[in-house]
Structure formats: structure tokens, C-alpha cells
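Read the structure below first, then the notes.
Below, chains carry the letters A, B, ... as their sequence lines are ordered, and counting in each starts from 1.
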There are 2 protein chains.
Amino acid sequence: MPARAADHIRQNLEQAILTGSYVDGLRLDELRLAEQFEVSRTPIREALQMLAATGLVDLIPRRGAFVRHPSFVELVEMFEVMAELECLCGRLAARRLTDTHLVDLKAAESGCVSALEVGDTDAYYRANERFHNLLYQASGNGFLTGEANRLHKRLQPFRRLQLRVRGRMVQSMDEHKAILLALEAGDAETTGRLLRDHVAIQGEKFHDLMAGFHGQSLGQSLGQSLGQSLGQPLGEPEEKPEDPLNGRPVNRVAGQAG
Amino acid sequence: MPARAADHIRQNLEQAILTGSYVDGLRLDELRLAEQFEVSRTPIREALQMLAATGLVDLIPRRGAFVRHPSFVELVEMFEVMAELECLCGRLAARRLTDTHLVDLKAAESGCVSALEVGDTDAYYRANERFHNLLYQASGNGFLTGEANRLHKRLQPFRRLQLRVRGRMVQSMDEHKAILLALEAGDAETTGRLLRDHVAIQGEKFHDLMAGFHGQSLGQSLGQSLGQSLGQPLGEPEEKPEDPLNGRPVNRVAGQAG
DNA sequence: AAGAATATTCTTGTATACAAAAACTTGACA
DNA sequence: TGTCAAGTTTTTGTATACAAGAATATTCTT
């Protein structure tokens, strides 16, 4: 569908970074990627420029492009902002809610219930994601919707992670129900507060979960936890000299045949 | 200082867009820009990819890059989000404020006062900007600081515009003083509320101001109001056929000698 | 043998070349 | 005169070429 190779590559790399298959600090070699995608360096470079502009990679002049995962502190900070954005979405949605949106939200909610009954984590996550996206839209603020979705996408793998905490899915769904009730009642403040707490809890649960992984980089933990390590040679994690500029490991290189 | 031409060009174009000298819908012709910056198309294209990734231009495959200014509705939406981000900054800052930050904030505030006494709008605006930036930093949330600055930059020309409303500068400064007091008292809720209102008022004042410009695009109004129309041939604004894809005027082209 | 200096190889950044799609021009026809 | 179609010109997207900086290997010195 995308007319341009650069766009296709961009999406592809973005996914690889967000899912954690490209670990933090990984160097994105233009030539190797060009071989891998069977194009010249030109569209690769354009994709990298776009990723750099959105902060998914660091682009160091004459050095190369390096995958940039959020640090643990940064993730907590991101959850803090996400909570506030969702809070705003909730407050606005409570005031501006249309019948269509309410119907859709309830549908997404029942999708969560079904998934939970079957015990399908992935399905639950998809329905959950749909619920939140609908909520953003229900805010009636297109810009806010865009920003919320953008941040949501970046937190996606980590939100997914926290759902693995025992009993979290049930708790999460209860929170959704309460949110729906407040929404339907048109209670802006309650809706906002519930949503803020809902996301804040996600941040905390994620925090709990990560306590067991200390010492490892987030990217590594992600890769392990999600069981994804494509595109990466899993062999000896050769010595990682620090990048003099930002203190990140730089030795590994993406795009190898492995 | 930037080692890469593409970065330099990107900044340049970004400024031209943000200040309004590149009007909405303007087509950014690669060849003309290449001549203008005295480089080949390659770094121009890379700059355009980055601008597209941050939403400052629309990149339509096989068609070109078009300047994308926020519509009026979108601007109101952006102010709504900005208000919430600043509110969060204020709440966090009230809890986490350090002596250094407080000193700096007071310095910025007195910078506002001095500028106001002399009647220097530009100086006032710079001090004002510094005040807000310090506040973002005082939140102690680096990610939030980045996001707030990003949105602030995009709203910059419009915030500047609303300062022209009679008496607004004095009122704005009074609001700053109240915010400082609440901050110093460590009153998170008050600080947050004051800041949200502070920004919301900016949005409203801007709204008032724009009422007089209805019918014109925001970019045009910006250009007129700020007295900037560089890079644009000021002659007959030739007929503007609608772009079939997004309904924006596309005929004018950037980078002409004129 | 360790470290510094130099040579070599790699990689990035920019320029140029070329193919294909879009826009524009021209002219035929109603 | 207005509309449509074929041909021409522009302009984009990708590939390739080349120069300069960074990384690596090698040699020389102590």
C-alpha cells in the first residue's frame, strides 16, 4: 500500500524497535539494512531520518543511527504523562460523549470480557487497546487523540508486560467498568480521576515487574519477556564498549543474516 | 555547528514554517530549495522527511511536501492539551521544587517586569518563554519537559500573537506572580489550576484576536500580524486549485528568488 | 610486549544519474 | 469556446558514485 519503500521500511524498523527485537543501543547499519530490504541506501536513510525525528533512534553525525529505548526512569516519566493525557481524554469524553462512542466503548469492553474468559492475553490486549483508542477519540479533541495514540504506541510493549502480573487483567477490567459508568453518568471529574489512576497503576505494576529484572537493560528484558529476539544473533553478547558520546553499548549491528 | 547540511536545512525550514513565512499549503519544491541552500536534493529530502515525521509538512507520495499549519480548530485543541501539560508541570514542580529552580524562575519573572516597563514586547516574550521552560524543567520529569517544549514551540507564534491583546502582558505577569506564590508555598493543586487557567486564557485571547481575521488562513494571518512574509513572492496570489487529496491550496512554491 | 603513529578499510554524507509518475502543453474535435 | 487526448516537460523516488571522516589493522618505537 505505501507507494514509497522508505515508508515501508520505516514502519518495519519502528515495529522492530517497539517490540524490542532491536535492543537498546543497537547500531543500524545502512548497508546491511539495504541488503536486508533489498533496496539501496537511499530509502534506508530516509527511514532513519524519520525515526530519528520521532526519537526512536539517535542519529549521531558521521557515526550512525542507534536504537534508543527509554530508560527505566524515562518510562516512569512517560507513564506519568500518559496518565495525565488519559485523564484529560476522560474528562472531555464525559462532557462530549456521543451515543456511537458509548456503544463502541461497550463493545470493546465486552471484547475484553470475552478474551478474559478464554484466557487469551493477546486478544485481551487488543480489545483493551481498542477501548483506550476509542476513549481518546471520544474526547472530541483530534490533536489530543493523536498525541495520546502516539504515546500509547511507545508504551505499548510495556503496558502489555504489566498485564502479566497475576490478577491484573481482572483488576484492569473492573477499572474499565467503573470508567464506563462514570462516563455514562457524564461525571467528568470522576472519569478523569479513574483514568489517571488506571494508567498510574499500570506504571506501578510495570515497576513491580521490572524489580525482578534489575541490572538488565529494558530492551533485553522486553526481548526475554515477550519471547521475541528476531533479527538478533543470540550468540555470545560480545563485549560492549561504551559509546563515548552517550554511554550506550554500540557494538551489535542490525540487519545480519543470523 | 551541525555537522550535517540536512540538519541545518531542517532547522531553517522549521523556523520558516513556525514563523509563518511559509504559508499553509505551500509546496516545498526540492529543486528550488536545493538551489536556495546551494546543495543537492539529497539533504533537502532528508530534511523534509524529518519535518514530515514531526508533522510540520505533509508528505504526499509522488506529489511533494506541503506546509501543514494547524487549522483554527486544531489550534484550540493544541491549547487545550498545552494547558493540561503545564498544569501537570505545575503540580509536579510544586512538590519537587529546588532552590535553584526557584531562583531562576524569579529571575525570569523579573526579566518580564523589566521588559514590560520598557514596553519591549519581544524581550517580554523571551523572558516569558524562559519562565515557562524553567517551569517545565522544575517538574523534574524529563520526558514531560521535552513534550511541553515541543508543543510550546509549535504554539510559539500564536502565543506571541495573543500578547498583543491590550492589557494582556500585564495580566499575564500577574498570573505569573500568583503561580510563583503558589509554587513557593508548595501548593500543588493551586499551582496546577493557575497554570491551566493561564494557558487556557492564552487560547481564549488568541481566539478573540482571530475573530477579526476570519476567512483568511491562519498562516496568512500569522504572516500579516507578525509582519513577516519573507521567502514569498508577494505578487498576485494566483488562483489556488484545491489539492484533490486534502483540499489545501498547492499552487505556490517555496524557494523562489523573488 | 605495550603503546603510539601510520596506513588501510568502512561507513557516512552528499552529489549525480536515471526511471517512472504527475503535471502541464498543445492541438484535435464537438 | 470548451473538453478531451496525446505528447512533452517536471518532479519525485531510487540507485549509484565519490569524497571525507571514523574505525580498524598494521607497523614502528621504546
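- The salt bridge (charged side-chain N to carboxylate O under 4.0 Å, His left out) analysis of residues 123-133 of chain B, with sequence neighbours excluded, yields no pairs.
- Every residue was checked against the side chain to side chain donor-acceptor pair (under 3.5 Å) condition with A:Asp120, not counting sequence neighbours, and none meets it.
- Remark: B:Gln49 pairs with A:Arg4, A:Glu46 by the side chain to side chain donor-acceptor pair (under 3.5 Å) rule, at least two apart or across chains.
- Between A:Phe66 atom CZ and C:dT12 atom C1' there is a gap of 11 Å when expressed in whole angstrom units.
- Scanning for side chain to side chain donor-acceptor pair (under 3.5 Å) contacts around B:Arg62 gives an empty result, with sequence neighbours left out.
- Under the rule for a side chain to side chain donor-acceptor pair (under 3.5 Å), the partners of A:Tyr124 that lie at least two apart in sequence or sit in another chain are A:Ser172.
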Per-nt protein contacts along nucleotides 7-15 of chain D (heavy atom under 4.0 Å; B base, S backbone sugar-phosphate only, - none) come out as ----SBBBB
